[in-house]
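See structure below.
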Amino acid sequence: MQMNGSSSSFGPGGLDLAQSFFKPIQNGAPPSTTKCHTKISVVGVGKVGMATAQTILTQNLADELALLDAKPNMLRGEMLDLQHAAAFLPRTKISASADYSVTVGSDLCIVTAGARQKPGESRLNLLQRNVALLSDIIPPLAKNSPDSILLIVSNPVDLLTYVSWKLSGFPSNRVIGSGTNLDSSRFRFLIADHLDVNAQDVQAYIVGEHGDSSVALWSSISIGGVPVLSFLEKQQIAYEKQTLENIHKEVIDSAYEVINLKGYTSWAIGYSVANLARSLLRDQRKIHPVSVYAKGFYGIDGGDVFLSLPAHLGRGGVLGVTNIHLTDEEVEKLRKSAETILEVQNQLGL
């Protein structure tokens, strides 16, 4: 079923108002064939998918937004709800369908679809169901948009990004997971809150697994260009390592707190994904901690694995991984995080 956007044709005779309403100027040339049209597809119109779609629209990141979901009634309702806001938004063509043909020619495919955990269900079984779900999603996405970038948001994001890479056949630089981009935003917020500064002036990364084994890179944190830990040491200002660990724990627990309070997370991850879309499609060359093919970095060599590292993002996807200096302790924690992910992959036989 195809549910397209608006049309300029009215009535049984198919009167084309665009042709009647506008008269072309004399001696004009046809439109340029140079591609300047940007299309983003969002797969899954749940809370996260719609927060992502809404943020993409308000930030004017695409000329066309395609929504895809297996629930046609909800899908059409969400499409219409967004279309009805057209007078308040930048002009974007919005289409929706349960058929993958709606995603044809996408520059960026964002996957937010995922199964929810059933009462008493093991994490491993949930993983198996999500892997099966992606087996139905990724191949047709790759077929319809073979030159696109895949951005995986569904959790557990590191494992599902790896699965998407295998299923798509895409080169590793064009398969990315949202990873710890949001974790790092939470981290920056908490540090900024402690020091009473703007979070945008804080440089701080969470890397590794998007989960309990994530790694806070305390050694590379800076405020306005000033390395925090080096500054404290030079000024002989004492700090307790436990205080730092408590902040990291608060980052890990913050998503659980939001879920316990409102039932799900949506707005922050929507902004995070739109932030990544901007860097990718507008070739911003910004550094983001996202889930990338990590084998060969920082001594990670146990197998093919995706986890978050500070990545240089642009129109070609992952342009490179930033060579940040890590302490020996941070490197060891990062390797253990990779081992945690690889262990689950092996359990699933991936």
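- Clustering ILVMFWY residues whenever any of their side-chain heavy atoms sit less than 4.5 angstrom apart, transitively, puts V104 in a cluster other than the one holding Y100.
- Looking at L68 and V42, their side chains never come closer than 4.5 Å, going by heavy atoms from C-beta outward.
- Connection of V258 to V48 is not established within any shared hydrophobic cluster, with ILVMFWY side chains joined at heavy-atom distances below 4.5 Å, either directly or through further cluster members.
- Linking Ile, Leu, Val, Met, Phe, Trp and Tyr whenever their side-chain heavy atoms come within less than 4.5 Å puts I341 and L348 in one cluster.
- Considering NE2 of H84 and CE of M79, their distance stands at 8.0 Å, rounded to 0.5 Å.
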Yes or no on side chain to side chain donor-acceptor pair (under 3.5 Å) for H288 and S279, after CA distance, side-chain angles and deciding distance?
CA-CA 9 Å; H288 293 273; S279 291; 2.7 Å; yes
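- The hydrophobic cluster containing I252 does not contain I247, counting ILVMFWY residues as joined when their side-chain heavy atoms lie under 4.5 angstrom apart, directly or transitively.
- Within 6.0 Å of NZ in K336 there are 12 or fewer heavy atoms belonging to other residues, nucleotides or ligands.
- For the residue pair S101 / D99, a side-chain donor-acceptor distance below 3.5 Å is found, with atom types taken as modelled.
- Without hydrogens or angle criteria, R188 side chain to A199 main chain gives a donor-acceptor distance under 3.5 Å.
- At a cut-off of 3.5 Å, with distance as the only test, no side-chain donor of D107 or S148 sits close to an acceptor on the other residue.
- The CG atom of L313 sits 11.0 Å away from atom CG of L281, with the distance rounded to the nearest 0.5 Å.
- Annotation: side chain of I138 is in contact with side chain of V111 (closest heavy-atom distance under 4.5 Å).
- Heavy atoms only, all atoms of each residue included: V153 and S178 are closest at CA-OG, 3.6 Å.
- Salt bridge status for R91 with D63: absent, with no side-chain N to carboxylate O gap under 4.0 Å.
- At a threshold of 4.5 Å between non-hydrogen side-chain atoms, the residues L141 and V43 count as touching.
- At least one donor-acceptor pair closer than 3.5 Å links the side chain of D69 to the backbone N or O of V45.
- Of the N and O atoms on the side chains of T180 and S308, at least one donor lies less than 3.5 Å from an acceptor on the other residue.
- I287 and L319 fall into different hydrophobic clusters, where Ile, Leu, Val, Met, Phe, Trp and Tyr residues are linked whenever their side-chain heavy atoms come under 4.5 Å apart, directly or through other members.
- The line from CD of E209 to NZ of K333 is 14.0 Å long, rounded to the nearest 0.5 Å.
- For the pair V321/V292, a side-chain contact is recorded, criterion being any heavy-atom separation below 4.5 Å from C-beta on.
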List the steps and the verdict of side chain to side chain donor-acceptor pair (under 3.5 Å) for T103 and S41.
CA-CA 6 Å; T103 67; S41 289; 4.8 Å; no
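- L127 approaches P156 most closely through the heavy-atom pair CD2-CG, 2.8 Å.
- Within 6.0 Å of atom CD in E257, 12 or fewer heavy atoms from other residues, nucleotides or ligands are found, so the atom counts as exposed in its surroundings.
- Within the 4.5 Å cutoff, the side chain of K47 has no heavy atoms near those of the W267 side chain.
- Side-chain contact, T38 with E64: no donor N or O sits under 3.5 Å from an acceptor N or O.
- F189 does not carry R186 over the face of its six-membered ring by the limits of under 6.0 Å from the centre and within 45° of the normal.
- N181 and S272 share a donor-acceptor pair across their side chains, judged by distance under 3.5 Å alone.
- The main-chain N or O of Y271 is never found under 3.5 Å from a side-chain atom of N275 such that the two would form a donor-acceptor pair.
- For S106 (side chain) and C109 (main-chain N/O), no donor-acceptor pair under 3.5 Å exists by modelled atom type.
- Summarising the geometry, atom CG belonging to L82 is positioned 7.5 Å from atom CG belonging to L65; distances are rounded to the nearest 0.5 Å.
- In this structure, OG1 in T92 is found 9.0 Å from CG in L61, a value given to the nearest 0.5 Å.
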For Q203 and I221, run side-chain contact (heavy atoms from CB on, under 4.5 Å): C-alpha distance rounded to whole Å, both residues' side-chain angles, the deciding distance at 0.1 Å, then the answer.
CA-CA 6 Å; Q203 284 290 320; I221 293 176; over 6 Å; no
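- The aromatic ring centroids of W218 and Y205 lie 6.0 Å or more from each other.
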Under the side-chain contact (heavy atoms from CB on, under 4.5 Å) rule, what do I269 and T52 come out as? Steps first, then yes or no, please.
CA-CA 7 Å; I269 186 61; T52 298; 5.6 Å; no
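- Shown here for A294 and I300, the closest heavy-atom pair between the two residues is O-CB, 3.8 Å.
- Judged purely by atom type and a 3.5 angstrom limit, N260 uses its side chain to pair as donor or acceptor with the backbone of Y256.
- In this structure Y293 satisfies the ring-ring contact (aromatic ring centres under 6.0 Å, His included) test together with W165, F306, sequence neighbours excluded.
- D283 places a side-chain N or O within donor-acceptor distance of the main-chain N or O of R315, the cut-off being under 3.5 Å.
- Side-chain contact between V207 and L326 is absent, with no heavy-atom pair separated by less than 4.5 Å.
- The nearest pair of heavy atoms linking S220 to I324 is CB-CG2, 4.0 Å.
- With hydrogens and angles ignored, the 3.5 Å screen pairs a side-chain donor or acceptor of T112 with a backbone N or O of G44.
- E332 contributes no side-chain N or O that, together with a main-chain N or O of E329, makes up a donor-acceptor pair within less than 3.5 Å.
- Contact detail for Q284 and R278: the closest heavy-atom pair is CG-O, 3.5 Å.
- Looking at I176 and L150, their side chains never come closer than 4.5 Å, going by heavy atoms from C-beta outward.
- Partners of Y162 under the ring-ring contact (aromatic ring centres under 6.0 Å, His included) rule, at least two apart in sequence or in another chain, do not exist in this structure.
- Scanning all heavy atoms of the two residues, the minimum distance from K39 to A66 falls at CE-CB, 4.0 Å.
- The number of heavy-atom neighbours closer than 6.0 Å to CG of D328, taken from other residues, nucleotides and ligands shown, is 12 or below.
- For the 3.5 Å distance criterion, the side chains of S214 and H248 qualify, holding a donor opposite an acceptor.
- Atoms CG and CG, on L307 and L309 in that order, are 5.5 Å from each other to the nearest 0.5 Å.
- More than 12 heavy atoms of other residues, nucleotides or ligands lie within 6.0 Å of NE2 in H312, so this atom counts as buried by the packing criterion.
- Remark: side-chain polar atoms of T161 are not paired, donor with acceptor, to backbone N or O of S291 under 3.5 angstrom.
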Can you list the steps and then say if E250 with D253 is a side-chain contact (heavy atoms from CB on, under 4.5 Å)?
CA-CA 5 Å; E250 196 171 345; D253 293 343; 5.8 Å; no
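- Within the 3.5 Å criterion, the main-chain N or O of D304 finds a donor-acceptor partner in the side chain of Q345.
- The shortest side-chain heavy-atom distance between L160 and L134 falls under the 4.5 Å cut-off.
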